[in-house]
Amino acid sequence: MLPPDDELRRRAEASTTVAQLRGLAEWAGQGGRPVTATGRLRMAEARELVDGLGTGDKIEGVRSSADLPRLGLLLEWAKKARLVRVVKGRLYAVAKARPVLADPLQLWLRAFDACFELRQALLGARSGWHVESMLFDVYEDVLEDVLNTLYSLPYPMPWPRLRDTVHLAYRTSCQLDAGLDLQHRMWFEHADRDLRAVLDLLDDLGAIERDRGMADPVFLDIDLSDAGPELLADMPPELAELLGVAGAATDPVARERADARREELTAGPVELIRLTELGTRAVRQRLLAAGRDAPLVGELAQAPAAGLLGVLAEDYDPDAARTELAGWITARGEREGALRQLTDAVRTMTFRTRAQAMLDVLLAALPDDEGERLLCTLRRDTQLAPSALNALAHRELLSPEDMTDAESLLVLAESLLQLVELAGGGDGAEETLRAQGSQARDAVAAALDSAHPDRAGLDELRQLAARALGTQGARLGRARKARRSSGKSGRKRRR
């Protein structure tokens, strides 16, 4: 769920990074500014920009703009975002970027995408005396995985879990030799510092927010006791250690490290990381560009009724479904007409289980009293009565004793038709019926005696029962006639 673009635009305008990138482009201008032969800013202009943009770089005693890390990063960021470029020894603002510079949200999104191209500027070695960390080689993949993970989580992610999952990525992508454990620890600490620098960059931009608090229990040890020995046997030791799976990490040292991780998560408040709404918008945009499914509450306002209910039933949690449905109804203007479109969509759905799911999600998304009134109305609907009665019974709004004999037969027939559909018809349905024996024969005979509107489905049920139970269709028909002629139902009819 995201606020409107106007609200996101207001938040983007408040980003210090957005202001700095715009200020740098405006400073360069269409006339350009001279740079050194290596493309760096001259020191005089660099001092001017440090003050004007508020980068926070220390300029005392500095002789080269290469020693102004924040300003240097900002310059590379502006280049990667295609806001400025160097041509023939001068730094120019890119003319085609004017519309982007004028729109804070588009400028923010451009800056966000450019983060994936800042590996060298952010993590590269500053001199020949230094080497890059393990994060340097997998920077783009790790950044994408971290952001996608934050997007997928309903809770803020604690730093220890984020750190350790990235460690697992290093172990799977880097061939760690049999070096000393102390040496490996130094490598991981170096990579952790670089990951912190990446998080600082995202925080400064406004893509993530960090706080302190207790980690949600979902991030503690994962119980895989029912997973079966095959899964535990095939699980890499590093993953077993990371998850803290009891019995999976047999190495006492690994077990000790897993316990230490759990202690780190439970001993007290830890750093918690989550996407901001701007960050959520940007990550979703990248997911969609990659062909991934990333639904947004509100985007179904113009969808057909059947499509709306189908997507809500498959993909939405109850709160999101309620919000999406409310927006859809509001877009129609007239509530009674909108509800009629929705119930008509259920009525015309040929698959019984699908129709039931669509009706259930509609009822769950409506206010309780309105949903109950709708069910009572549909109870008298020729086509939808079976599904409505099923829903009433499931919600314990109607007990079997309160149903008429005809309604009880409708519920029985609906249950059998859905059972056949779930079994896939054919051999699967026959096997299901055969397993019930004589009980199924009686139930099918009663269902065929109902006034269920799906006559084609009942005919298929009759044929399946005949093959599965060795019962001739004519015998089932005679059973129906006998029941009707006897006039005995075994139940007093209620009105």
Side-chain angles (χ1 to χ4, degrees), residues 306 309-310 313-314 343-362 375 378-395 398-493:
L309 292 178
E314 291 179 0
T343 53
D344 285 346
V346 179
R347 183 179 290 106
T348 55
M349 173 52 60
T350 55
F351 296 102
R352 307 303 310 173
T353 51
R354 179 82 167 175
Q356 188 73 59
M358 290 167 63
L359 180 59
D360 287 343
V361 76
L362 171 59
L375 276 180
L378 297 181
R379 182 181 180 182
R380 301 186 294 274
D381 185 286
T382 304
Q383 292 293 321
L384 292 179
S387 298
L389 289 166
N390 249 354
L392 283 165
H394 178 72
R395 288 166 171 73
L398 183 68
S399 66
E401 292 76 17
D402 292 328
M403 295 184 192
T404 65
D405 289 342
E407 288 177 333
S408 296
L409 290 178
L410 283 178
V411 171
L412 176 61
E414 180 68 19
S415 298
L416 284 171
L417 290 176
Q418 290 191 25
L419 179 66
V420 168
E421 194 173 282
L422 287 171
D427 295 341
E430 288 181 30
E431 183 177 346
T432 302
L433 292 172
R434 192 178 296 114
Q436 300 299 318
S438 60
Q439 186 177 2
R441 183 181 293 109
D442 294 340
V444 170
L448 294 176
D449 204 26
S450 73
H452 197 287
D454 187 0
R455 306 315 297 176
L458 289 178
D459 187 57
E460 180 186 4
L461 176 63
R462 178 184 60 78
Q463 296 178 41
L464 287 171
R467 293 195 296 269
L469 305 172
T471 304
Q472 298 298 321
R475 288 176 57 191
L476 287 172
R478 286 196 296 272
R480 298 203 306 275
K481 286 184 179 179
R483 184 177 282 104
R484 283 198 295 269
S485 62
S486 68
K488 297 179 181 179
S489 65
R491 183 196 299 267
K492 181 181 289 186
R493 184 178 181 85

>> List the residues meeting side chain to side chain donor-acceptor pair (under 3.5 Å) with Glu421, not counting sequence neighbours, and say none if there are none.
In response: Thr353
> Of the non-hydrogen atoms in Ala468 and Glu430, which two are nearest, and what is the gap between them?
Replying inline: CB-O, 3.4 Å
> Out of curiosity, Leu433 CG to Leu416 CG, how far, rounded to the nearest 0.5 Å?
Replying inline: 7.0 Å
>> Quick check: closest heavy atoms across Ala413 and Ser450, and the distance to 0.1 Å?
In response: CB-OG, 3.5 Å
> Arg379 and Asp402: which non-hydrogen atoms are nearest, and at how many Å?
Replying inline: NH2-O, 3.4 Å
>> Quick one, Met349 and Leu309 - any side-chain contact, counting heavy atoms below 4.5 Å?
In response: no
>> Distance check, rounded to the nearest 0.5 Å: Gln418 atom CD versus Leu422 atom CG?
In response: 7.0 Å
> Could you walk me through whether Leu359 and Leu378 pass the side chain to side chain contact (heavy atoms under 4.5 Å, CB included) check?
Replying inline: CA-CA 10 Å; Leu359 180 59; Leu378 297 181; 3.9 Å; yes
> Closest approach of Leu375 and Ala391, non-hydrogen atoms and distance?
Replying inline: CD2-CB, 3.7 Å
> Roughly how far, to the nearest 0.5 Å, is the CG atom of Leu448 from the NE2 atom of His452?
Replying inline: 11.5 Å
>> Between Glu414 (side chain only) and Ser387 (backbone N and O only), is there a donor and an acceptor less than 3.5 Å apart?
In response: no
> With side chains defined as the heavy atoms from C-beta onward, is the minimum distance between Arg467 and Leu464 less than 4.5 Å?
Replying inline: yes
> Are the side chains of Leu412 and Ser408 in touch, meaning some heavy atoms are under 4.5 Å apart?
Replying inline: no
> Is Val361 close to Glu314 at the side-chain level, that is, under 4.5 Å between some pair of heavy atoms?
Replying inline: no
>> Within the structure provided, determine whether Gln356 and Asn390 are in side-chain contact (heavy-atom separation under 4.5 Å).
In response: yes
> Does Glu431 CD have over 12 foreign heavy atoms under 6.0 Å away?
Replying inline: no
> Are Glu407 and Arg380 ion-paired here, with the side-chain N under 4.0 Å from a carboxylate O?
Replying inline: no
>> Test your reading of the model: is there a side-chain donor-acceptor pair from Glu460 to the backbone of Gly457, 3.5 Å cut-off?
In response: no
> So Asp360 and Arg395, side chain to side chain contact (heavy atoms under 4.5 Å, CB included) or not? Walk me through it.
Replying inline: CA-CA 10 Å; Asp360 287 343; Arg395 288 166 171 73; 3.7 Å; yes
>> Testing the basics here: between Ala313 and Ala357, what is the closest heavy-atom pair and its distance to 0.1 Å?
In response: CB-O, 4.1 Å
> Which distance, rounded to the nearest 0.5 Å, do you find between the CE of Met358 and the OG1 of Thr343?
Replying inline: 10.5 Å
> Which distance, rounded to the nearest 0.5 Å, do you find between the CG of Leu410 and the CG of Asp454?
Replying inline: 12.0 Å
